[in-house]
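Reviewing the structure listed below.
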Amino acid sequence: MSIRIGIVGYGNLGRGVETAIRLQPDMELVGVFTRRDPAQVATGGAAVFALDSLADRRDDIDVLVLCGGSKSDLPEQTPELAARFTVVDSYDNHGQIPQHFAAVDAAARAAGTTAVISTGWDPGLFSINRLYGEAILAQGETYTFWGRGLSQGHSDALRRVPGVAGAVQYTIPAEHAIERVRAGEQPELTTREKHDRQCFVVLEDGADAEQVREAIVTMPDYFAPYDTTVTFITAEELARDHTGMPHGGFVIRSGASSPGTTQTIEYRLQLDSNPEFTASVLVAYARAAARLAAAGDHGAKTPFDIAPGLLSPKSAAELRAELL
Ligand code: NDP
């Protein structure tokens with residue numbers, strides 16, 4: 001029997017989940033559940049329902065994939081919905097994950113549901129690779145580099161600078177720093193040494209380019225701690241060249257198994273679309289969540305708690321024969 005999925009929230013990630021489910025042999029999409037007027041939400045074909053109508057759908061949904069924002073949607077929605085459904089979310093506010101876990105765990109245990117939180121790629125696949133690195137190379141250093149990737153938060157910060165009509169920001173991992181890590185040097189790297197920030201900015205009519213540049217590169221927290229370049233472009237160039245949402249990065253563990261014997265583990269993602277990839281990860285974890293729920297393994301889980309075989313549509317016997 002197919003795993004019946006509901007999507008809660010239809011933004012970039014929700015759209016990605018709709019696309020990803022079509023590629024899965026054992027899943028069917030029940031529909032999208034939104035806080036907005038369903039008539040105003042245009043999907044790629046999925047039925048759209050009001051979020052409130054979930055109250056009546058308990059028996060025809062196996063897993064809800066929660067696609068709200070981490071800032072204010074998921075802290076409320078995940079515990080609330082875990083009290084009624086098995087759920088998966090991509091909560092990415094790293095510093096608050098323990099609190100989020102505790103709130104979701106209490107709701108899921110009380111209700112007898114399973115809730116996989118903080119999956120995706122970071123947190124998610126990168127977290128698992130940091131764990132493998134530390135566990136296997138007990139002595140060493142772990143490095144995470146992000147990019148080349150579009151940063152939504154930094155792009156928003158640029159758009160708030162007076163004189164800016166439109167802008168995007170890319171985070172670029174510093175090639176020199178990556179080479180030193182790959183060479184086994186285990187360097188101590190400052191924030192400035194690890195990543196650069198590249199800004200593409202459209203000026204408002206009459207704005208002073210030099211003033212705008214200065215306001216950007218000196219912005220505390222966002223740009224001042226980094227080497228930041230600002231390139232002024234036209235609105236046409238922004239629309240033509242900067243609408244994608246690429247991202248990716250590296251997790252590198254560099255260690256020594258005995259004096260002078262360097263061992264390096266590297267995991268790399270290069271993504272044309274951050275939301276479509278994150279959605280693909282969520283969908284694989286939805287399969288694991290459905291299986292855990294069916295087996296009576298309830299409560300909150302993170303990617304650290306999920307056995308890899310549960311992510312695959314193949315049986316354990318097929319996996320042993322084909323991939324081991
Ligand atoms: P969006 O801002 O596109 O969507 C968030 C929510 O906003 C939607 O669920 C939707 O809820 C609402 N919304 C979307 N579009 C509109 C609109 N036009 N008007 C009004 N409301 C709208 O966020 P993303 O999908 O890009 O990202 C969601 C979260 O995914 C991020 O906050 C981030 O935390 C997480 N993420 C995690 C990653 C990981 O590796 N773990 C990687 C990437 C992202 P509704 O339909 O109910 O209105």
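Numbering of ligands and ligand atoms starts at 1, following listing order.
- Among S118, S127, P275, S70, the residue whose heavy atom lies closest to atom 34 (O) of ligand 1 is S70.
- Numbered from 1 in the order shown, with element, the atoms of ligand 1 that lie under 4.0 Å from a heavy atom of G120 read 39 (C), 40 (O), 41 (N).
- A side-chain hydrogen bond (donor to acceptor under 3.5 Å, both in side chains) with T142 holds for exactly one of E134, R253, R130; it is R253.
- R291 contributes atom CZ, which lies 13.5 Å from atom CG of D297 (distance to the nearest 0.5 angstrom).
- Atom-to-atom distance recorded for R197:CZ and T229:OG1 is 11.5 Å, nearest 0.5 angstrom.
- A perpendicular orientation is assigned to the rings of W121 and F126, their planes being inclined by more than 60° (bins at 30° and 60°).
- Other residues, nucleotides and ligands place more than 12 heavy atoms under 6.0 Å from the CD atom of E179.
- The atoms of ligand 1 that sit less than 4.0 Å from any heavy atom of T34 are 45 (P), 46 (O), 47 (O), 48 (O).
- Per-residue contacts place G9 under 4.0 angstrom from the following atoms of ligand 1 (heavy atoms of the residue considered): 9 (O), 11 (O), 45 (P), 46 (O), 47 (O).
- The nearest protein atom to atom 35 (C) of ligand 1, hydrogens excluded, is given as S90 OG, 3.2 Å; this is a heavy-atom distance.
- In this structure, atom 7 (O) of ligand 1 lies nearest to the protein heavy atom R35 NH2, 3.9 Å.
- What sits closest to atom 40 (O) of ligand 1 on the protein, heavy atoms only, is W121 N, 2.7 Å.
- The G68 neighbourhood of ligand 1 comprises atoms 9 (O), 28 (C), 29 (C), with distances under 4.0 Å to a heavy atom of that residue.
- Between atom 5 (C) of ligand 1 and the options G14, A279, G69, the minimum heavy-atom separation is to G69.
- A ring-centre distance under 6.0 Å is found for H242 and Y170.
- When all heavy atoms of S90 and T278 are compared, the pair lying nearest together is CB-CG2, 4.5 Å.
- The contact set between ligand 1 and D73, taken as ligand atoms under 4.0 Å from a residue heavy atom, comprises 6 (C).
- The closest approach between V32 and ligand 1 stays at or above 4.0 Å for every heavy atom of the residue.
- For atom 25 (O) of ligand 1, the closest heavy atom belonging to the protein is L13 N, 2.8 Å.
- For atom 4 (O) of ligand 1, the closest non-hydrogen atom on the protein side is G11 CA, 3.7 Å.
- The existence of a salt bridge linking R15 and E18 is excluded, since no basic side-chain nitrogen approaches an acidic carboxylate oxygen closer than 4.0 Å.
- In this structure, the protein non-hydrogen atom closest to atom 21 (N) of ligand 1 is R36 NE, 3.5 Å.
- In terms of modelled atom types and a separation under 3.5 Å, the side chain of D105 and the main chain of A300 share a donor-acceptor contact.
- Here the protein heavy atom with the shortest distance to atom 3 (O) of ligand 1 is N12 N, 3.0 Å.
- Without hydrogens or angle criteria, T86 side chain to T113 main chain gives no donor-acceptor distance under 3.5 Å.
- Atoms of ligand 1 found under 4.0 Å from any heavy atom of P123, numbered from 1 in the order shown, are 39 (C), 40 (O), 41 (N).
- The residue from N274, V8, D92 that puts a heavy atom closest to atom 43 (C) of ligand 1 is N274.
- Atom 30 (O) of ligand 1 is flagged as protein-proximal [any protein heavy atom, distance under 4.0 Å].
- Of the protein's heavy atoms, T278 OG1, 3.3 Å lies nearest to atom 42 (C) of ligand 1.
- If you look at C67 next to ligand 1, the close heavy atoms, those under 4.0 Å, all belong to the backbone.
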